[in-house]
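Numbers for residues simply follow the sequence, beginning at 1. Counting convention: from 1, in listed order, for ligands and their atoms alike. Treat the numbers as computed from the prediction; the structure is a model and nothing was measured.
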Amino acid sequence: MEKQELWQSVLAKLELDISRPSFLTWFQETGIKDMEGGVVTVFVPNGFAKEWLQNKYHKSILHVLRTISTDIRDITYVIGKPEGSSSSPLKDQRRKRLSSPVSFTDETPALKDITVNPITNLNPRYTFDTFIVGSFNEQAHAAAQAILKNPGTAYNPFFIYGGVGLGKTHLMQAIGNELLTQNPSCKIRYVPAERYMGEIVDAIKNQSMNRLKEKYREVDLLIIDDIQFIARTEKMQEEFFHTFNALYEKNKQIIISSDRPPQAIATLEERLRSRFEGGMITDVTLPDVETRLLILKTKADTKQVSIPEDVLYFIADKIKNNIRELEGALNRVIISSKLSNSPITIEIAKKSILSHASSPKKFISAKKIVKAVSDFYDIEEKDLIHRSRKKDVVKPRQIAMYLMREELKSSYPTIGERLGGRDHTTAIHSCEKITQELLTNSELEEEIQAIKNKIFAD
Ligand code: ADP
Ligand code: MG
């Protein structure tokens with residue numbers, strides 16, 4: 001189970017970093033065969049995938065694996081099937097596993113959760129029970145509630161937009177699931193725009209366009225996810241326009257999501273844009289820290305894992321832009337603690353989250369760190385850089401070292417040389433000291449955060 005969980009967590013992270021088509025192409029049917037002596041053996045479905053993972057994704061996979069367990073040194077790839085991927089009894093287990101929160105979104109066709117309703121395409125896990133409402137999404141939530149009371153008339157169409165991982169799919173599917181519970185005979189269809197487009201292409205090829213039109217025009221509720229993709233081709237927009245009108249005229253509810261508002265979808269046809277704008281448009285923004293904390297607590301409860309408050313707070317504080325990533329971080333912390341056989345502590349959280357932060361950003365440099373730290377503590381830059389033993393530069397210098405390590409991933413010798421011409425042991429000592437102190441000293445944490453803000457603001 002552990003290796004499955006580990007791989008699942010790796011995939012959840014990789015999915016965020018690479019494009020969906022690449023992800024689907026290269027990571028389907030992969031899994032961990034075994035882990036021995038720090039070497040992880042990964043199953044790949046064919047020679048193609050093997051070569052591709054080795055040449056293109058090896059570093060990323062290794063990086064992610066190592067953030068979860070530092071014992072891992074290398075990866076080998078073998079052609080084969082992960083347990084249960086064939087038609088063995090394990091299949092269902094594996095599929096179920098993939099439906100847990102860290103795993104794929106259900107628009108991932110080949111990996112979709114077996115419990116996804118084959119007619120509606122809805123995933124029953126997306127419900128209002130598990131949907132947390134805060135100021136970032138309360139308008140969208142209120143609109144959803146209004147639609148449930150009066151589908152087809154209250155807000156039609158309902159257009160919801162916002163960044164990745166902020167709950168658009170969850171909310172739209174929750175409306176579908178709730179309507180279905182209230183009225184099991186209600187005809188509902190959820191479809192990601194990309195899949196809808198694929199169906200159109202197939203229908204044209206197979207001369208079954210009429211059947212497809214029927215399928216989409218007979219529903220009571222049509223949910224189209226990530227509509228921005230449809231704007232890429234005229235043919236698709238044309239087809240969707242007619243379906244939209246057919247439904248709209250019959251007062252059937254239409255719910256649409258996008259990563260941006262209609263007027264910002266450059267190639268969206270005017271006639272579709274004006275249809276969308278004729279309904280209700282709301283956005284989902286970023287959850288604030290309290291809401292992020294609440295989301296984490298709820299997820300931890302669902303998993304029946306007890307996690308110390310400071311760990312939850314730490315995660316909530318660090319991951320700001322994406323609820324899926326928030327869940328991913330929580331899972332990484334849980335898994336790191338399992339793998340290292342130790343309780344969930346703030347150290348583990350820090351290790352698995354900070355080391356996981358994306359690689360150093362180009363626009364920051366040691367120079368910027370030195371400047372930000374000396375500005376913040378109102379000391380001379382040269383005192384920080386040179387061998388000054390003035391007492392009031394000791395702590396700022398340690399902080400600068402810590403930041404070089406955390407933000408630039410500089411080596412200890414480099415850090416030592418750059419700051420006060422010290423050897424690497426001083427650098428190690430400084431970084432460890434600050435890391436330790438951060439565990440208990442929230443004032444220091446705030447100071448460091450303020451310095452980071454300075455560094456990243458410029
Ligand atoms: P989007 O469609 O906006 O990219 P998703 O709906 O796929 O985002 O959400 C990403 C993940 O975050 C999902 O696992 C979802 O269940 C979870 N999530 C999103 N919003 C909330 C929320 N308000 N409360 C609880 N979980 C949420
Ligand atoms: Mg989505």
Side-chain angles (χ1 to χ4, degrees), residues 8-9 11-13 15-17 19-20 23-24 96-109 111-113 115-116 121-145 158-178 190-196 223-230 255-261 281-303 312 315-316 319-332 334:
Q8 193 186 353
S9 166
L11 292 180
K13 167 64 182 143
E15 191 192 8
L16 294 171
D17 292 346
S19 78
R20 174 161 294 275
F23 181 76
L24 289 179
K96 279 218 182 72
R97 207 185 74 235
L98 289 170
S99 75
S100 75
V102 271
S103 79
F104 308 88
T105 53
D106 22 343
E107 57 263 46
T108 312
L111 298 160
K112 78 179 170 208
D113 183 356
T115 58
V116 165
N121 238 337
L122 292 169
N123 184 330
R125 113 174 160 80
Y126 292 123
T127 61
F128 283 105
D129 292 350
T130 54
F131 190 77
I132 309 263
V133 183
S135 55
F136 75 111
N137 63 5
E138 65 187 348
Q139 209 190 350
H141 180 259
Q145 295 301 323
F158 174 37
F159 189 104
I160 172 171
Y161 72 90
V164 176
L166 295 176
K168 302 183 296 296
T169 298
H170 189 141
L171 182 66
M172 295 196 299
Q173 292 215 24
I175 299 174
N177 280 318
E178 181 61 33
Y190 164 85
V191 68
E194 279 175 303
R195 196 187 308 172
Y196 176 62
I223 307 172
I224 299 239
D225 208 348
D226 290 317
I227 195 84
Q228 69 272 10
F229 293 116
I230 218 168
I255 304 178
I256 300 159
S257 83
S258 166
D259 63 349
R260 66 203 92 160
I281 301 182
T282 55
D283 64 345
V284 280
T285 56
L286 297 177
D288 57 22
V289 67
E290 285 80 22
T291 313
R292 298 199 296 275
L293 200 55
L294 186 61
I295 291 173
L296 285 171
K297 279 189 182 156
T298 315
K299 307 266 172 201
D301 281 353
T302 320
K303 290 173 188 296
L312 292 175
I315 303 173
I319 315 269
K320 301 188 164 77
N321 300 326
N322 182 324
I323 297 171
R324 184 177 297 127
E325 239 176 286
L326 207 57
E327 294 178 351
L330 180 70
N331 280 307
R332 278 201 307 282
I334 296 172

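The side chain to side chain contact (heavy atoms under 4.5 Å, CB included) with I160 is formed by just one residue from the set T169, L166, I256, V284; it is V284.
Side-chain N or O atoms of D283 include none that pairs as donor or acceptor with a backbone N or O of T285 at under 3.5 Å. In terms of modelled atom types and a separation under 3.5 Å, the side chain of N137 and the main chain of I132 share a donor-acceptor contact. Looking at D259, its side chain never comes within 3.5 Å of a backbone N or O of D226 through a donor-acceptor pair.
Only the backbone of T130 comes within 4.0 Å of ligand 1, judged by heavy-atom distances.
Checking only distances, I132 does come within under 3.5 Å of ligand 1, N or O to N or O. Ligand 1 has no nitrogen or oxygen under 3.5 angstrom from a nitrogen or oxygen of F136. Checked by distance only, ligand 1 and E327 come closer than 3.5 Å through their nitrogen or oxygen atoms.
Distances shorter than 4.0 angstrom occur between a heavy atom of R125 and an atom of ligand 1.
With ligand atoms numbered from 1 in the order given, ligand 1 contributes 3 (O) to contacts under 4.0 Å with heavy atoms of G163.
Around atom 2 (O) of ligand 1, the closest heavy atom drawn from L166, I323, T169 belongs to T169. Looking at A174, G167, P192 and measuring to atom 20 (N) of ligand 1, the nearest heavy atom belongs to G167.
T169 lies close to the Mg ion (ligand 2), since one of its N, O or S atoms is found at a distance under 2.8 Å.
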